[in-house]
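In this chain, residues are counted from 1 in sequence order. Counting starts at 1 for both ligands and their atoms, following the listed order.
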Amino acid sequence: MQGMKLISNIVACAALALSGQVFAQTAEADNSNKGDAAKGQQIATQVCAACHNADGNSLIPANPILAGQHAEYIIKQLNNYKSKDGKPPVRESPIMNAMVEPLSPEDMKNLGAYFAQQIPRPGVANDKSLAEQGEQLYRGGNLETSVPACTGCHSPNGAGLPPNYPRLAGQHSEYTAAQLRAFRTDQRTNDENDVMQMITSRMTEKELRAVAEFISGLR
Ligand code: HEC
Ligand code: HEC
């Protein structure tokens, strides 16, 4: 038995070591790991388009842009919005809690694959001087109050780092500011190890608005 376990470990390691190219080929034959973007598009067009736009480039500031967001992050959020075993959902939003109710795990994967493939429309920051202050915090953090730079996890161009760190670039400043406030007041608590709750607890309202403004124009 010990030998079998060792062999299966070696096989697993070898599979991990293989290049993404090989993974893409096997994923085509077996869709268990990768979602089907065409199926995701059907749900997106019929249901999600009303608020997020069919291609995920939401035009409404309160509704997040999903175009170009990492599939892993989208799937995690959809799961977090869903109530499980009668417990309240870990991420609360009356709208999204209702939206995910009919979605199966397969639907979530397909939606993740679809929105990740959409091209985000480049954003522009409206308030340049506020955005400049936000850029300082985004790139350098605040040494005095121990706010870390955002670049470390969300990358210098805001593209994020899958699977854990979401893309932020070009997001509506209103949505970003609302999420930062939700983390700060512990209304949003689905971040692993409370990382965003900790960071936002050290931020002022001014810093929060400035960094959200900068992110809206980040490319
Ligand atoms: C009636 C409007 C509405 C519809 C329809 C809707 N959404 Fe949303 N969606 C929202 C709002 C508002 C939020 C922000 C909620 C919050 O503050 O957590 C959101 C948030 C999200 C997020 C989190 C994004 C992030 O950056 O964390 C995802 C993912 C998402 N929606 C996917 C979907 C999908 C997939 C569908 C279709 C099945 C859908 N939404 C339908 C309004 C909507
Ligand atoms: C140590 C890593 C780390 C640092 C540094 C960090 N973040 Fe995050 N951030 C995360 C993680 C992880 C998540 C995803 C939480 C989840 O799974 O819902 C996140 C989520 C977010 C979200 C929610 C995105 C959405 O679409 O809803 C925003 C906004 C955000 N971060 C902004 C910032 C800003 C601004 C800074 C700098 C002041 C920053 N983050 C620094 C790890 C980090």
Side-chain angles (χ1 to χ4, degrees), residues 35 40-54 56 58 60-82 89-103 107-116 134-142 145-155 158 160-184 187-203 207-216 218:
Q41 181 168 24
Q42 284 179 6
I43 306 176
T45 312
Q46 287 165 13
V47 186
C48 325
C51 298
H52 294 283
N53 232 34
S58 140
I60 304 161
N63 301 345
I65 293 165
L66 304 176
Q69 185 55 275
H70 314 141
E72 297 91 337
Y73 174 78
I74 292 177
I75 295 165
K76 177 183 183 282
Q77 300 309 311
L78 294 175
N79 273 301
N80 287 169
Y81 281 129
K82 198 156 178 166
V90 277
R91 183 171 175 186
E92 289 195 58
S93 152
I95 296 172
M96 283 308 301
N97 296 152
M99 285 297 149
V100 297
E101 209 38 61
L103 300 179
D107 293 336
M108 293 183 184
K109 260 194 234 172
N110 297 342
L111 283 159
Y114 172 69
F115 284 117
E135 177 163 21
Q136 282 180 14
L137 187 78
Y138 188 91
R139 305 207 182 281
N142 184 338
T145 53
S146 300
V147 177
C150 318
T151 45
C153 294
H154 295 285
S155 78
L161 196 66
N164 294 327
Y165 305 114
R167 177 189 168 82
L168 302 179
Q171 186 58 270
H172 298 301
S173 62
E174 188 177 314
Y175 169 79
T176 300
Q179 295 308 307
L180 294 174
R181 280 185 206 108
F183 283 126
R184 188 174 58 187
Q187 280 171 313
R188 178 170 172 183
T189 56
N190 68 329
D191 50 328
E192 210 72 43
N193 302 322
D194 300 346
V195 56
M196 286 306 303
Q197 293 174 75
M198 215 114 77
I199 292 171
T200 50
S201 73
R202 299 170 188 155
M203 286 167 68
E207 284 177 325
L208 188 156
R209 288 200 300 118
V211 81
E213 188 66 19
F214 169 67
I215 285 169
S216 73
L218 182 57

Would Q171 count as a contact residue for ligand 1, given that I'm defining contact as a non-hydrogen atom of the residue lying under 4.0 Å from a ligand atom?
no
Return the closest protein heavy atom for atom 22 (C) of ligand 1 as residue, atom name and distance.
Y81 CE1, 3.7 Å
So, is Y73 polar-close to ligand 2, with some N/O to N/O distance under 3.5 Å?
yes
Before signing off on this row, confirm whether D191 and ligand 2 have an N or O atom pair separated by under 3.5 Å.
no
Go through ligand 2 atom by atom and flag the ones less than 4.0 Å from a non-hydrogen atom of Y175.
25 (C), 26 (O), 27 (O)
Selected option - heavy-atom contact closest to atom 43 (C) of ligand 1, from C51, G112, C48:
C51
Heavy-atom proximity to atom 5 (C) of ligand 1 ranks first, among M99, R167, E101, for M99
Heavy-atom contact under 4.0 Å between P64 and ligand 2?
no
Nitrogen or oxygen atoms of K76 and ligand 2 under 3.5 Å apart
yes
Does the residue E192 have a heavy-atom contact with ligand 2, meaning some pair of atoms that are separated by less than 4.0 Å?
no
Can you tell me if M196 has an N, O or S atom under 2.8 Å away from atom 8 (Fe) of ligand 2?
yes
Winner among M96, Q179, E92 once heavy atoms are compared against atom 32 (C) of ligand 1
M96
Looking at atom 8 (Fe) of ligand 2, is one of the N, O or S atoms of H154 less than 2.8 Å from it?
yes
Quick check: does any side chain N or O of N97 sit under 3.5 Å from a backbone N or O of S93, one acting as donor and the other as acceptor?
yes
Nearest heavy atom to atom 21 (C) of ligand 1 wins, so pick from H52, Q69, Q77, M108.
H52
Within less than 4.0 angstrom of ligand 2, does R188 place any heavy atom?
yes
R91 heavy atoms, cut-off 4.0 Å: which ligand 1 atoms fall inside?
16 (C), 18 (O), 23 (C), 25 (C), 27 (O)
